[in-house]
A.B. asks: 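The structure is given below, and queries will be raised subsequently.
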Amino acid sequence: MIYRRMAVIGIGQIGASFALAAKAAGAIRRVVGVARSQQTRDMAMQVGAADSCTEDLAAAVAKADLVYLAVPVRAMRQVMTDISPALAPGCLVTDAGSTKAEICCWASEILPPEVHFIGGHPMAGTEKHGPASASGSLFANTTYLLCPMQAPQEVADRFRSLVEAIGARPVTVSPDEHDRVLAYSSHLPHLCAAVLSLTLKRRDIENVTSFAGGGLRDTTRIAAADVEMWRDIMAANGSAIVAATEQFCEALSDFTDAVIAEDWEQVAELLAEAKSYRDSLYG
Ligand code: NAP
């Protein structure tokens, strides 16, 4: 048992998956889930992610030694403000938000000095949302990025042991580095999937899926993700995302210029460069 009582604020896909994994590992005795809608709360209970659920933030966190924030990024600030007066001294607050600089800044400004904060971002998840899409094995063999901020070593070590207990690999990173890299590794890919989907919609080809193999499904899959979640990520990491899209447009121009010039050697070189990088990432 690593923590006695965990409050999961936003018991959707990530919050419920974390709770299921932690309970299965025997690392947490009791989980209280928080969501605004009865439907989410009922589903969290049905999938076994929580021992009880409430919409009352203060009641949920009052006796918790671990508070796990898994609401959309832009909702984190208000949630931190609302829970602050009720947090137990010495408890650990952590989050699962997909961006880190802004959230870590809010935590330093808003949370009371007698509680600890560690920023977190599990490198796992799907395009689905809500507790119905949760899985206790979601984090197995994945990286779990951590921004320990000012947390004392023993507090950080204890949370790292929970991350390891759910089968993930904890990796420490600064909030700024996290957001800079994620703009390329996650936010740009999402934008590409959305832009591809938008392009097809605007061209309005009838029965386009009859003319497509698995590639179209694969490359547009993440465009099906929750809109609010991704709007918040774009808003929180806008300048890094713009820098990444500028580089993407440069590479796209390299391709289109070579095709316009009918320079097939250059096209082959660009494709080979892309292929060898992709192979080096995933074999
Ligand atoms: P999700 O399935 O939509 O879950 C979010 C949950 O938060 C919902 O169940 C929602 O339920 C609740 N909620 C929303 N606003 C709230 C508020 N103001 N107060 C209390 N509860 C609230 O989303 P998710 O995929 O789990 O994402 C949660 C967080 O994890 C986000 O910050 C996201 O950036 C991050 N993340 C997601 C992924 C991924 O691939 N899915 C991966 C890593 C990190 P109600 O509407 O009923 O309140």
Side-chain angles (χ1 to χ4, degrees), residues 1-35 40-41 43-54 57 59-71 76 79 83 86-98 100 103 107 111 114-126 130-173:
M1 193 70 50
I2 303 172
Y3 294 92
R4 277 181 300 104
R5 185 179 169 104
M6 172 167 72
V8 179
I9 317 294
I11 191 140
Q13 181 185 123
I14 298 297
S17 297
F18 191 85
L20 285 168
K23 276 159 73 88
I28 304 250
R29 186 173 302 151
R30 194 169 170 78
V31 174
V32 182
V34 180
T40 309
R41 297 195 293 271
M43 186 50 73
M45 294 297 292
Q46 201 177 312
V47 300
D51 298 294
S52 63
C53 277
T54 174
L57 286 165
V61 303
K63 289 183 189 143
D65 51 355
L66 177 63
V67 177
Y68 193 86
L69 309 181
V71 294
M76 296 281 182
V79 166
I83 60 173
L87 290 167
C91 79
L92 172 64
V93 180
T94 184
D95 79 292
S98 300
K100 288 277 67 80
I103 291 172
L111 297 177
E114 63 275 14
V115 310
H116 308 293
F117 178 78
I118 294 177
H121 184 188
M123 294 290 99
T126 73
S133 64
S135 159
S137 58
L138 186 67
F139 307 104
N141 301 314
T142 63
T143 304
Y144 200 116
L145 299 173
L146 294 175
C147 304
M149 311 290 290
Q150 322 304 334
Q153 192 63 48
E154 67 276 15
V155 171
D157 287 347
R158 190 174 170 205
F159 188 65
R160 283 173 76 91
S161 66
L162 173 56
V163 168
E164 283 165 353
I166 63 167
R169 283 180 309 278
V171 171
T172 300
V173 64

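All values below were derived from every heavy atom in this structure, side-chain atoms included, with hydrogens, water molecules and symmetry-related copies excluded.
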A.B. asks: Evaluate the side-chain contact (heavy atoms from CB on, under 4.5 Å) criterion for residues Thr54 and Val34: first the C-alpha distance (whole Å), next the side-chain angles of each, then the deciding distance (0.1 Å), finally the verdict.
C.D. replies: CA-CA 5 Å; Thr54 174; Val34 180; 4.2 Å; yes
A.B. asks: Yes or no on side-chain contact (heavy atoms from CB on, under 4.5 Å) for Ser52 and Arg30, after CA distance, side-chain angles and deciding distance?
C.D. replies: CA-CA 9 Å; Ser52 63; Arg30 194 169 170 78; 3.6 Å; yes
A.B. asks: Is the backbone N or O of Cys91 less than 3.5 Å from a side-chain atom of Asp65, with the two atoms forming a donor-acceptor pair by type?
C.D. replies: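 Flag not set: sc Asp65 to bb Cys91 has no pair under 3.5 Å.
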A.B. asks: Roughly how far, to the nearest 0.5 Å, is CE of Met123 from CG of Asn141?
C.D. replies: 15.5 Å
A.B. asks: Is there side-chain contact between Ile9 and Val61, with at least one heavy-atom pair below 4.5 Å?
C.D. replies: yes
A.B. asks: Would you mind reporting whether Ile11 and Arg41 have side-chain heavy atoms less than 4.5 Å apart?
C.D. replies: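 Heavy-atom side-chain distance check fails, nothing below 4.5 Å.
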A.B. asks: Minimum heavy-atom separation for Gly10 and Val71, please, with both atom names.
C.D. replies: CA-CG1, 3.8 Å
A.B. asks: For Met45, check side-chain contact (heavy atoms from CB on, under 4.5 Å) against everything at least two apart and list the hits.
C.D. replies: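 In terms of side-chain contact (heavy atoms from CB on, under 4.5 Å), with neighbours along the sequence ignored, Met45 is linked to Ala50, Cys53.
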A.B. asks: Considering only distance and modelled atom types, tabulate donor-acceptor pairs under 3.5 Å from the side chains of residues 18-29, sequence neighbours left out.
C.D. replies:
unit_1	atom_1	unit_2	atom_2	d
Lys23	NZ	Asp51	OD1	2.9
Lys23	NZ	Asp51	OD2	3.2

A.B. asks: Run the side chain to side chain donor-acceptor pair (under 3.5 Å) test against Arg5 and tell me which residues pass, sequence neighbours left out.
C.D. replies: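 Arg5 satisfies side chain to side chain donor-acceptor pair (under 3.5 Å) with no residue once adjacent residues are dropped.
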A.B. asks: For Thr172, check side chain to side chain donor-acceptor pair (under 3.5 Å) against everything at least two apart and list the hits.
C.D. replies: Arg160
A.B. asks: Please, which pairs that meet side-chain hydrogen bond (donor to acceptor under 3.5 Å, both in side chains) have at least one residue in residues 10-22, sequence neighbours excluded?
C.D. replies: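 Applying side-chain hydrogen bond (donor to acceptor under 3.5 Å, both in side chains) to every pair that reaches into residues 10-22, excluding sequence neighbours, yields Gln13-Thr126, Gln13-Ser133.
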A.B. asks: The criterion is side chain to side chain donor-acceptor pair (under 3.5 Å); which residues satisfy it with Ser161, sequence neighbours excluded?
C.D. replies: none
A.B. asks: Looking only at heavy atoms, what is the nearest atom pair of Ala64 and Ala88, with distance?
C.D. replies: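 So the minimum-distance heavy-atom pair works out to O-CB, 4.1 Å.
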A.B. asks: Test side-chain contact (heavy atoms from CB on, under 4.5 Å) on Leu162 and Tyr144; report intermediate values, then the result.
C.D. replies: CA-CA 11 Å; Leu162 173 56; Tyr144 200 116; over 6 Å; no
A.B. asks: Write out all pairs satisfying salt bridge (charged side-chain N to carboxylate O under 4.0 Å, His left out) with one or both partners inside residues 9-19, taking only residues at least two apart or from two chains.
C.D. replies: none
A.B. asks: Are any non-hydrogen side-chain atoms of Ile166 and Leu138 less than 4.5 angstrom apart?
C.D. replies: no
A.B. asks: With sequence neighbours excluded, what pairs up with Thr94 under the side-chain contact (heavy atoms from CB on, under 4.5 Å) test?
C.D. replies: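 Result, side-chain contact (heavy atoms from CB on, under 4.5 Å) vs Thr94: Leu66, Tyr68, Ile118, Phe159.
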A.B. asks: Suppose we screen for side chain to side chain donor-acceptor pair (under 3.5 Å). Which residues come up paired with Arg169, at least two apart in sequence or across chains?
C.D. replies: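 Expected list: Thr143.
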A.B. asks: Using the rule given for side-chain contact (heavy atoms from CB on, under 4.5 Å), can you reason through Ile103 versus His121, listing the C-alpha separation, both sets of side-chain angles and the distance that settles it, and then say yes or no?
C.D. replies: CA-CA 11 Å; Ile103 291 172; His121 184 188; over 6 Å; no
A.B. asks: Please list, chain by chain and in numerical order, all residues satisfying side-chain contact (heavy atoms from CB on, under 4.5 Å) with Pro152, sequence neighbours excluded.
C.D. replies: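 Pro152 satisfies side-chain contact (heavy atoms from CB on, under 4.5 Å) with His116, Glu154, Val155 only.
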A.B. asks: So, using side-chain contact (heavy atoms from CB on, under 4.5 Å) as the criterion, who are the partners of Ser137 when residues are at least two apart?
C.D. replies: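 Partners of Ser137 under the side-chain contact (heavy atoms from CB on, under 4.5 Å) test: Ser135.
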A.B. asks: Answer whether the closest heavy-atom distance between the side chains of Leu87 and Glu114 falls below 4.5 Å.
C.D. replies: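 When only atoms from C-beta onward are counted, Glu114 and Leu87 do not touch, as no gap falls below 4.5 Å.
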